[in-house]
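Have a look at the structure below, then the notes.
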Amino acid sequence: FRSSSQYRLWSFTKEQLDTKRVDTNAHAVAAIEEKLTMFKKDYASDISEEDAKMINEKAIPLTAEEELKLVDFYAKKVQGIAQHLNLPTEVVSSALIFFKRFYLENSVMEIDPKTIVHTIIFLACKSENYFISVDSFSKKTKASRDTILKYEFRILESLKFSLLCHHPFKPLHGFFLDIQNVLHGKVDVKYMGEIYTKTKKRISDALLTDVAFLFTPPQITLAALSLEDEQLTEKYLETKFSNTDTIIEASKDTNEKDKDSEVIKEDRPDKINYILLLSLIDQCKEVMSNPSQVSMEEAKSSAAKLYFCNHPMNI
Amino acid sequence: EYTKEKKVGEGTYAVVYLGTKQSTGRKIAIKEIKTSEFKDGLDMSAIREVKYLQEINHINVIELVDIFMAYNNLNLVLEYLPTDLEVVIKDQNILFTPADIKSWMLMTLRGVYHCHRNFILHRDLKPNNLLISPDGQIKVADFGLARAIPAPYDVLTSNVVTRWYRAPELLLGAKHYTSAVDVWSLGIIFAELMLRIPYLPGQNDVDQIDVTFRALGTPTDKDWPGVSKFSTYTQLQTYPPPSRDELRKRFIAASENALDLMSGMLTMNPQKRWTTIQCLQSEYFTELPPPSDPSTIK
Amino acid sequence: DPFKRYIMNEIVYEDPFIKDLTKKNEYIASGFRTDFVYDRLLTEAFM
């Protein structure tokens with residue numbers, strides 16, 4: 001995972017993530033303000049006092065918080081449209097991750113989210129070998145060919161050409177198997193099947209938050225599993241990780257009666273730090289449990305500002 | 001930062017130039033992806049090259065140095081690799097030894113193993129996709145047909161891998177194949193290195209099946225459960241598998257361990273075919289002669 | 001990886017979804033192997 005582009009290019013601390021968003025927003029605000037200044041200068045003779053007042057009231061660049069809310073609002077749309085198209089979970093999730101990454105590098109004030117929603121999904125289909133021709137995609141989504149293709153390169157560039165996403169779904173299946181092994185005989189498999197499905201839903205919802213930037217896929221999985229059944233998850237992690245990894249080796253003594261196994265406390269060089277793992281899972285649960293709630297009104301008011309910033313003439 | 005000095009190749013979806021990285025003077029190859037050719041936006045082969053080369057970092061896999069856009073074209077900056085295994089096999093002026101073959105197979109298997117452990121199928125292994133660096137390292141290249149190892153329910157196209165190197169399950173139309181298809185290709189390459197001519201050169205897809213089974217025997221349900229259920233199976237000519245002696249006669253320079261390795265890689269039943277790990281652990285690589293030091297291979 | 005963080009123990013895995021595939025002819029004949037699938041899922045879990 002550490003050699004993956006997801007870790008190398010798209011893993012951040014909370015502070016780094018916030019800074020990145022503030023910088024992207026500041027960059028765009030500066031550009032917008034310069035554009036508005038130019039506009040007012042170029043059209044000074046045509047702009048009445050009243051107009052100037054309206055422009056100052058309506059064409060207000062978005063703050064970083066407002067941007068993030070608008071991105072979250074549209075991220076939900078990306079997920080909704082992709083699910084509506086019955087795309088596989090991995091494709092839906094990649095589209096979502098691409099969208100969120102794109103708006104780390106770009107401001108909504110530079111590229112309106114509306115204009116890239118379909119392209120992002122189309123690119124995710126291609127990237128996940130779920131190829132749909134642009135014509136049939138256009139038919140399904142009612143978006144025009146040109147709209148779909150227009151920003152494909154720009155998106156790929158903003159993604160730093162990193163298309164391989166590690167989602168928490170395969171780890172979920174992996175832990176589903178390993179729990180059966182580690183807690184063999186102590187867990188009801190039918191029950192496991194039920195929580196598997198619910199946990200999968202939790203993971204899909206979690207990808208709308210920032211967890212994919214802040215934690216590794218398995219940590220996200222374990223956090224979702226823990227939200228679903230804390231006791232089972234703790235039992236599993238404690239059994240698996242709490243004591244040092246031991247390598248049981250038959251004692252050297254050939255004497256039958258001493259043939260009990262000699263436990264060698266072999267600390268693995270890369271032993272999992274059980275306490276740290278638990279705290280990471282708790283932090284991840286915290287993020288997952290506080291998804292961004294954006295009302296339609298908030299989204300509309302930000303979208304209006306966005307519109308007037310880019311179309312002051314219409315004021 | 002990069003110059004394009006000489007055009008060295010043109011494919012369906014890309015033009016390849018030789019160039020230099022200005023800041024370091026390093027020789028590089030630039031694969032310029034033609035964007036106009038593909039009506040569905042960016043070409044799938046380009047998406048795959050970018051997607052998988054971004055994740056792989058191994059001495060025996062071609063290095064993706066950088067990627068940039070220029071004049072609305074996507075440019076992949078790759079490490080400069082002057083020749084490939086196909087050139088070496090074809091050029092009768094080049095003499096190479098069993099130790100050289102062993103070295104090339106070792107490096108190739110390491111590169112492919114690294115792809116497989118990252119759950120990436122290459123799906124187009126053949127001698128001219130095994131490039132050779134100035135210091136003799138083999139580099140697996142051209143990930144235009146690569147894909148992640150599928151999830152169990154994924155349906156895959158069987159129309160992959162260049163015909164002569166195509167595994168029998170693909171020839172029979174399999175849709176749920178595994179990394180075993182890459183191992184088959186490597187087995188054919190191994191045979192070709194020992195023979196210095198293509199081992200199973202089919203004229204077309206139907207002939208390829210016949211050539212393959214004539215050389216290695218027609219599989220039956222006994223050794224490959226379910227093979228007779230492939231729709232194309234009924235029209236097949238039945239050939240007996242070659243005896244060990246026949247194999248020895250065909251590959252006179254091959255040691256017993258080399259024949260074991262090749263037979264493991266060319267096992268008809270993909271479920272029983274050797275994995276890259278089994279290949280790397282075969283005694284062929286530990287018996288004499290040791291693999292040549294890549295930098296000394298002429 | 002010198003030490004895998006998991007022991008693959010196919011016997012104990014109750015995974016009807018994967019197990020069903022091993023009964024489907026087109027899977028068996030294609031080379032489908034449950035150990036390949038389990039190894040991948042477990043690797044991703046302990047990545």
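Each chain gets a letter, A, B and so on, in the order the sequences are listed, and its residues count up from 1.
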### Query
Atom NZ of B:K27 and atom OH of B:Y80: how far apart are they, to the nearest 0.5 Å?
4.0 Å

#### Entry: Point-to-point distance, once rounded to the nearest 0.5 Å, from CD1 of B:I189 to CG of B:L109
9.5 Å

### Most chain B-contacting option - heavy-atom pairs closer than 4.5 Å, from A:V134, A:L164, A:L163
A:L164

Which bit of [X] comes within less than 4.5 Å of chain B, counting heavy atoms only: side chain, backbone, both or neither?
{"X": "A:F122", "answer": "side chain"}
{"X": "A:L149", "answer": "side chain"}
{"X": "A:I148", "answer": "neither"}
{"X": "A:L159", "answer": "neither"}

### Query
Does anything in residues 129-145 of chain B pair up under salt bridge (Lys or Arg N to Asp or Glu O under 4.0 Å), and if so which pairs, sequence neighbours excluded?
B:E79-B:K139

Enumerate, by atom name, each donor-acceptor pair separated by under 3.5 Å where one atom lies in chain B and the other in chain A.
unit_1: B:K39; atom_1: O; unit_2: A:R145; atom_2: NH2; d: 3.1
unit_1: B:D40; atom_1: O; unit_2: A:K126; atom_2: NZ; d: 2.6
unit_1: B:D40; atom_1: OD1; unit_2: A:V134; atom_2: N; d: 2.6
unit_1: B:L42; atom_1: N; unit_2: A:E152; atom_2: OE1; d: 2.6
unit_1: B:L42; atom_1: O; unit_2: A:K126; atom_2: NZ; d: 2.5
unit_1: B:R48; atom_1: NH2; unit_2: A:N129; atom_2: OD1; d: 2.9
unit_1: B:K51; atom_1: NZ; unit_2: A:S127; atom_2: O; d: 2.6
unit_1: B:Q54; atom_1: O; unit_2: A:R8; atom_2: NH2; d: 2.6
unit_1: B:Q54; atom_1: NE2; unit_2: A:K160; atom_2: O; d: 2.8
unit_1: B:Q54; atom_1: NE2; unit_2: A:F161; atom_2: O; d: 3.3
unit_1: B:E55; atom_1: OE1; unit_2: A:S5; atom_2: N; d: 2.8
unit_1: B:E55; atom_1: OE1; unit_2: A:S5; atom_2: OG; d: 3.4
unit_1: B:E55; atom_1: OE2; unit_2: A:S5; atom_2: OG; d: 2.4

### Non-neighbouring partners of B:R110 that pass salt bridge (Lys or Arg N to Asp or Glu O under 4.0 Å), sequence neighbours left out
none

### Task
Using a cut-off of under 4.5 Å on heavy-atom pairs, state which of B:I67, B:I47, B:L74 scores highest against chain A.
B:I67

### Query
Any sub-3.5 Å donor-acceptor pair from B:N60's side-chain atoms to B:I138's backbone N or O?
yes

### Query
Can any side-chain N or O of B:R166 pair as donor or acceptor with the backbone N or O of B:V161 at less than 3.5 Å?
yes

### Query
For the residue pair B:S179 and B:I149, what are the closest heavy atoms and their distance?
CB-CD1, 4.3 Å

#### Entry: Nearest heavy atoms of B:P225 and B:N269, plus distance in Å
CD-ND2, 3.6 Å

### Query
chain A heavy atoms under 4.5 Å from B:M44: which part of the residue, side chain, backbone, both or neither?
side chain

### Message
Among residues at least two apart in sequence or on other chains, which ones pass side-chain hydrogen bond (donor to acceptor under 3.5 Å, both in side chains) with B:T232?
### Response
none

